[in-house]
Amino acid sequence: MAKETIALTPAMPKCWNPDSKPHKFCPGCGHGLTLKMLGQAIDELGIQDKVIFGCDIGCSLLSWDFFNVDSVQTHHGRTTPVITGIKRARPELIGIAYMGDGGGYAIGAQHLVNAATRNEKITAILINNTNYGMTGGQMAPTTLPGQITETTPFGRDPEDSGYPTMGPEMVAAIAREGAYVARGSMANLRQLKRFLKKALENQMEGNGFSFVEVLSSCPTNWRTNAEATWRFVEKDMAEHFPVGEFKVPGKKEEK
Amino acid sequence: MAKETIALTPAMPKCWNPDSKPHKFCPGCGHGLTLKMLGQAIDELGIQDKVIFGCDIGCSLLSWDFFNVDSVQTHHGRTTPVITGIKRARPELIGIAYMGDGGGYAIGAQHLVNAATRNEKITAILINNTNYGMTGGQMAPTTLPGQITETTPFGRDPEDSGYPTMGPEMVAAIAREGAYVARGSMANLRQLKRFLKKALENQMEGNGFSFVEVLSSCPTNWRTNAEATWRFVEKDMAEHFPVGEFKVPGKKEEK
Amino acid sequence: MTEATKWRAFSQPGKRASFNLFPDLCKGCGLCMQKCPVKIIIWSQDLGVYGTPAVETSDQDKCIACKMCENVCPDAAIRIIVNPQDKDKE
Amino acid sequence: MTEATKWRAFSQPGKRASFNLFPDLCKGCGLCMQKCPVKIIIWSQDLGVYGTPAVETSDQDKCIACKMCENVCPDAAIRIIVNPQDKDKE
Amino acid sequence: MKEKPVKGERRVFMTGNEVCAWAALAADADIMFGYPITPQTDIMQYWTRLAPKYGKKFLQTEDEISAGFTTLGAVIAGKRAFSATTGPGNVLFQEPMSMAEMMRIPVVLIIPMRGGPSTATVIYSQQEVTMTAFGGNGEGFRVVYSTAGHQDLYDYTIKAFNTAWKYRFPTFVLSDGYQGKMRESLTIYDPAERGIEMVKAEPMLGLPGIPGVDRPTRHLRNTYNTEEELYEVVMQIARDFEKAAPEIVEWQDFDTDSEMDVLILAHGVVSRAAQGALPLLKNEGIKAGHFRPITLRPMPEEQMRAAAARANRVVVVESAYGQFLKLVKETLYGMDKPIDAILRPGVGITAEEIVAEIKERR
Amino acid sequence: MKEKPVKGERRVFMTGNEVCAWAALAADADIMFGYPITPQTDIMQYWTRLAPKYGKKFLQTEDEISAGFTTLGAVIAGKRAFSATTGPGNVLFQEPMSMAEMMRIPVVLIIPMRGGPSTATVIYSQQEVTMTAFGGNGEGFRVVYSTAGHQDLYDYTIKAFNTAWKYRFPTFVLSDGYQGKMRESLTIYDPAERGIEMVKAEPMLGLPGIPGVDRPTRHLRNTYNTEEELYEVVMQIARDFEKAAPEIVEWQDFDTDSEMDVLILAHGVVSRAAQGALPLLKNEGIKAGHFRPITLRPMPEEQMRAAAARANRVVVVESAYGQFLKLVKETLYGMDKPIDAILRPGVGITAEEIVAEIKERR
Amino acid sequence: MAVRIVLAGEGGQGVQVIANILAEAAYAEGKEAVYIPNFGVEQRGGVSIAFVQIDDKRIDSPKFPKADIVVALSNRAVDRTRQYVDERTTFVYDDSLVAAAEIHEDVIGIQAVEADPRSQRQTEAVDDSKQRKTVRLPESAGTIIPLSANDIAKKELHPRVFNVMILGAVLKATGVVSVEQVKAALEARLGGKFAKNPELRDLNYRALERGMGLVEHVGVN
Amino acid sequence: MAVRIVLAGEGGQGVQVIANILAEAAYAEGKEAVYIPNFGVEQRGGVSIAFVQIDDKRIDSPKFPKADIVVALSNRAVDRTRQYVDERTTFVYDDSLVAAAEIHEDVIGIQAVEADPRSQRQTEAVDDSKQRKTVRLPESAGTIIPLSANDIAKKELHPRVFNVMILGAVLKATGVVSVEQVKAALEARLGGKFAKNPELRDLNYRALERGMGLVEHVGVN
Ligand SMILES: Cc1ncc(C[n+]2csc(CCOP(=O)(O)OP(=O)(O)O)c2C)c(N)n1
Ligand SMILES: Cc1ncc(C[n+]2csc(CCOP(=O)(O)OP(=O)(O)O)c2C)c(N)n1
Ligand code: SF4
Ligand code: SF4
Ligand code: SF4
Ligand code: SF4
Ligand code: SF4
Ligand code: SF4
Ligand SMILES: [Mg+2]
Ligand SMILES: [Mg+2]
């Protein structure tokens, strides 16, 4: 049968804001996939009216009007404290702090670390795309050894600037009972959604801090085509960043 | 035989600056003990002419003229970057960043975490006295659960503000080959000196980042007498903060 | 705002499911293509939202309705509609 | 600057070692006291640098020259000088 | 109904920091965020002891940047939130304050100034005037009250909450280390009993209903793609600020009604020395007046110019190296009054010193 | 001897950011620290590609606070270090800059301004004037060059290193997003060949010999216990700054020699529009001149006043909401020239717009 | 006075690279040129605008309110550039419009992907609300020139050289730089590729000339 | 004009608490009082200074250049307060000086530790360079009053009440507040302790009076 043009409703999560679609992310960007999983998680949990979505500066800012949930776009690295303030003020709301690896591990590392320490009852989602996407592809704390970026034109040299930050590992080392810490990947969307959902449920149950890092593509700055994009996420990144849950509430641990 | 008054040279480390003694720390303060061990380590390594000592704001600032080594007093939380800048500019110098738990784990946490990530070849020494000493005893990230401070007048409630930051554990979770990470205590001075010496040697060998947290007293803000001071350090703190080495260079690990 | 918004879609019917591509959403990233287990997704002559080629299937009858393409599309530009008889099997 | 600076010290001789306390360094914190294994360190009538009581030993002959007090003093206000005959045993 | 922290009127003797904590309670502030710094820390310490009794909250953050952004978060969520800082902490606070300026997030920040630049002293100063009024990468769309004593601290801390929430500009209560740590007497009161109604703190986000379904979604942002978009936004804020300015400005004048040999211009605690200098100058046969702007931003321009017009010359006195002087020159531009300045960065100034300097420079 | 990055004179066509990287190389800067931010990032990107060839270093830090403090560390250690930032990054840089101001640590910071307040735009602006000149909790003991094009960027970036190290004040090279990203032609050269000698960067710490034995120990600090101690320190800096000011100030004037109907005051890139407006105004029969301060801090006061004295009225033009205007009013205080202002926060201004406004307001 | 040029298109249509080549050619010819790329926050997906001024003497303001020629290559670009158009402006747009070919931002002549030969076109079109809306042209413009560069490039040459055609059109319309200089600038950028594949040079030159052929010299300056 | 008082001593001698009681008593008496503690960066070990002004009307500047009475309780305190002394100043110092008893900063009447009864005094003293240096008194002062409050407190009363004696001396010298008000202020602070141990009240009152007895009313105001 021939290809024909019809009118149809796309399979967007209910909480997506159709007026801002097509969204502002580049073709093939992992932000879009993560936000799809997050949207599905919000839909499935039925919390669209309770979520406050905060996005950082970095490509995450492009999601400022992404959802039909009340949203605030903050400063680079500062989404964690803004969402913390919202949550402290109104614990009945569900706060999501959405940021990049630069925002979370570099300029905002003190906020991430201390939100984890204090066990803030918020959900932080961090896009690990091994570079600073929005500013055009500089080295991020997560940049892979040897990876060429705008500020490591000869490849990241671990002798000079170290190895990629292991975020969830770090957060798990300081977070305590009630915290949920995981690393998902756009290479495993079902798992990613499960992690995101658990991270939200953990907040809804009032257990403590939830943190999910997401291995995510940046085809624009990596200068990859679709095949190379998948390869980078599934092979190169996976080699450096183990995917899984690092801390699950309920399991009481002695530190 | 009767007590008589004589003239004698005190058993101060050679690199101490006698003109600033008695030093500015309170009676019974662990800063003094740590700096004694550090002074001995510098003497034993014969590096007085190579060390640049940087102190933070916090009681550590009281050491700005403590040693006869070139010193710089910086801003609250910013000693790590200042020493990093010095070391990057002149790798032949030995940079020591000396700070409190507020300076290192709260306001300067992004610097600590990222110096560890980049494996900066500097030595960071952090005084854990479970409070903000200089400002008069507020909660620090390291304050013990239930501990009464000026900003937790009813005791630190982990439900509200979390559990103490596990600094070396966190740093060890992100630091890589070449890093040295340990937690010492004024309750074990010989071991503390060993840790400090190893931390300096690690820098001298150009291996990577060295970090030593020191369990340390603050009798003024804890409002403890000598007996209670020792008890707090040896018992209460030790219960929460395991002493030992968390990362030793040479042991190659896969992350 | 309650009504679900409809978009223009290029629809290709097939034995088990139809492949519906929203050209105003497709950015031509190709992620779907790589993930189709039966490798039927190809570059289309039709253009997507950025003027880059959109995608279509070369033979929709070969589609196994796994929805992989729909899932991996960051832009929700594909919708697979499983034919009624197949739906029961799901 | 090369010459090691001398300070005023209260010196108490004993069988194995002398206990030397620098009143201009002692802040009267009492940390040494708690750590003396033979519990001979006591509050002195003499005052330290902050006008608080300094310390001395109640019976220096009981001192075992372990130097614990010297080591734990954050202000380097104590110096234990082991008597020559004992020195050899060290 | 929840119990009121301050009932009726009460004469008290306290430190300025304690006054601020009580004022925030009286203004029905909901939550304080803060990071310790001398001489501000006591505000937090009093708040942590008092607030729980009235169901109010506190969070000690990891730094001032976080204190600022958590405060903004709480305001966005609909609470009357505030913070306090000074010196290097105020420097860091400029980042969140610039976001507040752009996004019209009301916020109250109490600043007992300390010496600068850098860490400097923890004691006293008036060296944070420029930064508080115009800090960050913005245009100074802010309200700054400069208080001269404990009664002011109480009155203007309460007022700051209403100014901020009514006009939606970041609002600052400036004082100094002396005031923060010093004790003097004042009257505290329940604002309601004096007819002061607190402007309601409405949520900017987290309203009832499903967004996009029951109501439009709220999407707040501070980033723009084109210069023209930004221009419109900034000009709108500028218009709002200028419209509000005449309603916001406050000042005091002393003996400025008739012709003066000299008009002393001073703000904050230094104004007290200026007030003290007037009778002394009179004794010396010098006809002096004193004008004190209470709001440094917006500046009571007309009023200051009117006062200056009646004087032969003007003397600016401040515990900074010309920060207030700059504002004065800008405000009085076009007048030809000679201006003398007594600039004492970081140190206190007394009535006697002012008198001596005025006599000397006559 | 190491190879010189720029030899002789060379006409080139590049972006402003590239110019800055070349200028720093030509000035023999040793190391750059920085954190990415548009429109500054390219400076880092050019530097990382060029610097290794000449044995020079680079470190990307975790944020601007760290970029500032690592830069200071390297300067303390005796290296010619620099950084670059803008907008919100400039806000954060105020903390380390206030330490530099206090401790007399020379440092060069390049700032291609972007729109504000807050994140705003990444494009163009002149809204960081107040912050760059007076930011932080200090008194603005800083030098600020405002450049109008790529030749300026090259010349003044080189000069900034010498000003900073000679006078020991933080020194800023202001430009804007257009300049940073735009390409135009200029001549690059080896400063030595033009007789410009680079002031040596001496170490403040880490000198030869055992401290306290072979030489006095260096103990640097920025904290003081008493107000009086601080006062002496600040006043000393003030005296040094005022002494250096006449040697530092730079300006340009255009057609200001004879009587003018109107004097246009503008700085930076807007000065080019003002220059362009002069012939157009002449065509319209308006006698106009233009004065451009190149140093915004210290301000060429005398020179600006002299130019203003010859004009009937003054028009201030800037891409900000009155930041330069304030400086002008302060500088011209005591004169009675009417001042008009064309304030366009965050947007570019053209010669035609200036002409139109001047005609309209005549 | 300077010739003022605005070029706008979708990210990926290669307007920045054309602008750059134009400015470089002018510079090489001894003229003064200023080129400013527009840089919003988005890496991709935003409208991409380039501002170019070319003159014999130093150019004063880098930004200008109205352009001598505005080239808009997509609907959004038309909207975004309307503000630069007045009665003295020549407004050029591509009437094969939104269907513009993908050309990577900073390389001329390379397209990431092309349609599979098996691809079929859709059989019919429904006109629903989400369908691409048409755009109002800036009527105030002195001259409005529609081009079908995209279609022509596809049909006659190669979709890859669409933006070189546009460059040719601007060149002809303004006459600010000589064709030789532009060819030299192209050579400087793509010389390596041309050497490997001389056909590419030919294709680009033909595109340039075809583009020039699409417009009259409208005497912009 | 306000009576201006400076009290200075080593951290731990309790000058802040005396200053506070003085100011509180004045406030209670219906006067205006301003009290500023000096706060350097060190928690302990620095010289502790208190500035108090008492007047019948509102006090203008919280800080003042010269004091009516300066009390210095250690050598360092003498050095530090020299700047507040001029010819109208009454300068009071303790000539048993540096040997001042430890009293915790914010509590009157408690000393952390006391000498062990077994303690012996040293037999002789050498006069080496590091020995505590003597201090030059501010000769410009109008009146200089030496007190031996510390010694007297030790001998006659109890070292704990040293600072209350000083309070008494200031009270007498200035006459700014009535003894009754000061007693009431003491009662307000220590009432609980007094109730438990009435002897303590007596001791404090005696110290206050003994301190008053040490000086004449010098008519400061
Ligand atoms: C204080 C400050 N510094 C720098 C910037 C510039 N900036 C914007 S986004 C960004 C990095 C974004 O990287 P990341 O957080 O990893 O997010 P991504 O774009 O990769 O998703 C930077 C440095 C800024 N906006 N504010
Ligand atoms: C930016 C800034 N914020 C706050 C302060 C005030 N401050 C000085 S020291 C200090 C805390 C000191 O605590 P810590 O680092 O634990 O050191 P400690 O005194 O306990 O040794 C604080 C908050 C400051 N100087 N600068
Ligand atoms: S630049 Fe990278 S991270 Fe940003 S939107 Fe594009 S692909 Fe995504
Ligand atoms: S306050 Fe605490 S940490 Fe600071 S010097 Fe005193 S005892 Fe030491
Ligand atoms: S549903 Fe599965 S088989 Fe069908 S086109 Fe999509 S990916 Fe291929
Ligand atoms: S994944 Fe989506 S956007 Fe990408 S090519 Fe396939 S349909 Fe188009
Ligand atoms: S040396 Fe040992 S035994 Fe002797 S006094 Fe010191 S601690 Fe006691
Ligand atoms: S430890 Fe040192 S300072 Fe403390 S009491 Fe003993 S001798 Fe004195
Ligand atoms: Mg990233
Ligand atoms: Mg601490």
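Chain identifiers are assigned alphabetically (A, B, ...) following the order of the sequence lines, protein sequences preceding nucleic acid strands; residue numbering begins at 1 within each chain.
Interface remark: E:L205 contributes backbone and side-chain atoms alike to the contact with chain A (heavy atom separation under 4.5 Å). With a 4.5 angstrom heavy-atom cutoff, E:I210 touches chain A via backbone and side-chain atoms both. For E:T71, no part lies near chain A; criterion is any non-hydrogen pair under 4.5 Å. Looking at A:F53, neither its backbone nor its side chain comes within 4.5 Å of chain E, counting heavy atoms on both sides. When heavy atoms are compared at a cutoff of 4.5 Å, E:N222 approaches chain A by way of both its backbone and its side chain.
With chain E as the partner, the residue from A:A115, A:A89, A:G95 showing the most heavy-atom pairs under 4.5 Å is A:A89. Your options are E:M99, E:K79, E:M204, E:K57, and the one with the most heavy-atom pairs under 4.5 Å with chain A is E:M99. In terms of heavy-atom pairs under 4.5 Å with chain E, the best-connected choice from A:I57, A:N17, A:T74 is A:T74. Between chain E and the residues A:I52, A:L93, A:V69, A:T84, the largest count of heavy-atom pairs under 4.5 Å involves A:V69. Between chain E and the options A:Q110, A:K50, A:E92, A:H75, heavy-atom pairs under 4.5 Å are most frequent for A:H75. Note on E:D30, E:D63, E:I31: by heavy-atom pairs under 4.5 Å with chain A, the leading option is E:D63.
Between E:R218 and E:E202 there is no salt bridge, since none of the side-chain N atoms of the basic residue sits less than 4.0 Å from a carboxylate O of the acidic one. Checked for salt-bridge contact, A:R223 and A:E150 meet the test: a charged N lies under 4.0 Å from a carboxylate O. Checked for salt-bridge contact, E:E62 and A:R118 meet the test: a charged N lies under 4.0 Å from a carboxylate O. The pair A:D65-A:K24 counts as a salt bridge, with a side-chain nitrogen and a carboxylate oxygen less than 4.0 angstrom apart. Taking the charged nitrogens against the carboxylate oxygens, A:E120 and A:K87 have no contact shorter than 4.0 Å, which rules out a salt bridge.
Considering every non-hydrogen atom in both E:Y46 and E:A21, the closest pair reads CB-CB, 3.6 Å.
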Can you check salt bridge (Lys or Arg N to Asp or Glu O under 4.0 Å) on E:D240 and E:R168, steps first, answer last?
CA-CA 10 Å; E:D240 290 352; E:R168 306 194 76 81; over 6 Å; no
